[in-house]
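First up is the structure itself, then whatever we jot down about it.
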Amino acid sequence: WLLFGPPVMASADVLLGMDLAKCSDEVAAAMGVSQWEFGLRIAGMVVLSYAAYGWALTLSSALLCRYIRGSRRLNSHFFQVRRLVLRLTFPRYPAQMSGTWAMSLYLKALGGRVAFTATVGLADPPLEPRKLHVGQGALVLAAQALGECEVGCGSV
């Protein structure tokens, strides 16, 4: 579930041998709503739960990685653990925030000094975010930095 998310659940009816279409029709009838309204309610709940799951995973992994201090030279074992966590979680949700204020918030949670008005777009996780300093109105696209930026060696 952690790696693949809700799409895995779509095949649960096939795996368990359940007829979910019939069950949903019965529940909609018992609730006194149309099948369309019931379907929209379920879809809304799935979307909201998926968004909550994404934000929880993003913030919890960022705070965990901020807590795990280590660099390539000092505490290399902690650095490897943090790198593994970032590489597992970053493509799932944080990468989708590239170019928005949410990426700035994510990088702040990781320990970087990033202004909310900065535009940061990353395709890969920042391995040493404490070395990333992005000022007001600056632009960072992967290894390209424009404006008031300081990208330390090995940070992106």
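Keep in mind that the numbers below use all heavy atoms, side chains included, and drop hydrogens, waters and symmetry copies. Given the structure is predicted, the values throughout are model-derived calculations rather than measurements.
Note that the SG atom of C65 and the CZ atom of F78 stand 13.0 Å from one another [nearest 0.5 Å]. The OH atom of Y106 lies 9.5 Å from the CG atom of L59; values are rounded to the nearest 0.5 Å. Taking CZ of R87 as the start and CD of Q80 as the end, the distance is 10.0 Å to the nearest 0.5 Å.
Nearest heavy-atom pair, Q136 versus T117, reported as atom, atom and distance to 0.1 Å: OE1-OG1, 2.7 Å. Minimum heavy-atom separation, A102 to M97: CB-SD, 3.5 Å. Contact detail for F38 and A28: the closest heavy-atom pair is CB-CB, 3.8 Å. Shown here for A118 and G135, the closest heavy-atom pair between the two residues is CB-O, 3.5 Å. Shortest non-hydrogen contact noted between V120 and M103 is O-CG, 3.6 Å. Taking both residues in full, the closest heavy atoms of A115 and S104 are given as O-OG, 3.3 Å, listed atom of the first, atom of the second, then distance.
With contacts defined as side-chain heavy-atom distances shorter than 4.5 Å, the pair F116/L105 qualifies. L86 places none of its side-chain heavy atoms less than 4.5 Å from the side chain of D124. A heavy-atom distance below 4.5 Å is found between the side chains of L122 and L107.
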Please report the C-alpha distance between H133 and V114 in whole Å, then the side-chain angles of each, then the deciding distance to 0.1 Å, and finally whether the side chain to side chain contact (heavy atoms under 4.5 Å, CB included) criterion is met.
-> CA-CA 6 Å; H133 308 292; V114 181; over 6 Å; no

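No continuous path of ILVMFWY side-chain contacts below 4.5 Å connects L146 to V134, so the two sit in separate hydrophobic clusters. Both W55 and F90 are members of a single hydrophobic cluster when ILVMFWY side chains are connected at heavy-atom separations under 4.5 Å. In terms of hydrophobic clustering, with Ile, Leu, Val, Met, Phe, Trp and Tyr side chains grouped at heavy-atom distances under 4.5 Å, M45 and M31 are assigned to a common cluster. Residues V33 and I42 share a hydrophobic cluster, clusters being chains of Ile/Leu/Val/Met/Phe/Trp/Tyr side chains in contact below 4.5 Å.
Taking the six-membered ring for Trp and the full ring otherwise, the centers of Y93 and Y50 sit less than 6.0 Å from each other.
Residue L48 shares its hydrophobic cluster (ILVMFWY side chains chained together at separations under 4.5 Å) with no other residue.
No donor-acceptor distance shorter than 3.5 angstrom exists from the side chain of T89 to the backbone of S61, with no hydrogens or angles considered. At distances below 3.5 Å, not a single donor-acceptor pair connects side-chain atoms of R82 with backbone N or O atoms of L64.
Applying the side chain to side chain donor-acceptor pair (under 3.5 Å) definition to pairs two or more places apart or across chains, those involving residues 23-45 are D25-Q35, E37-R41.
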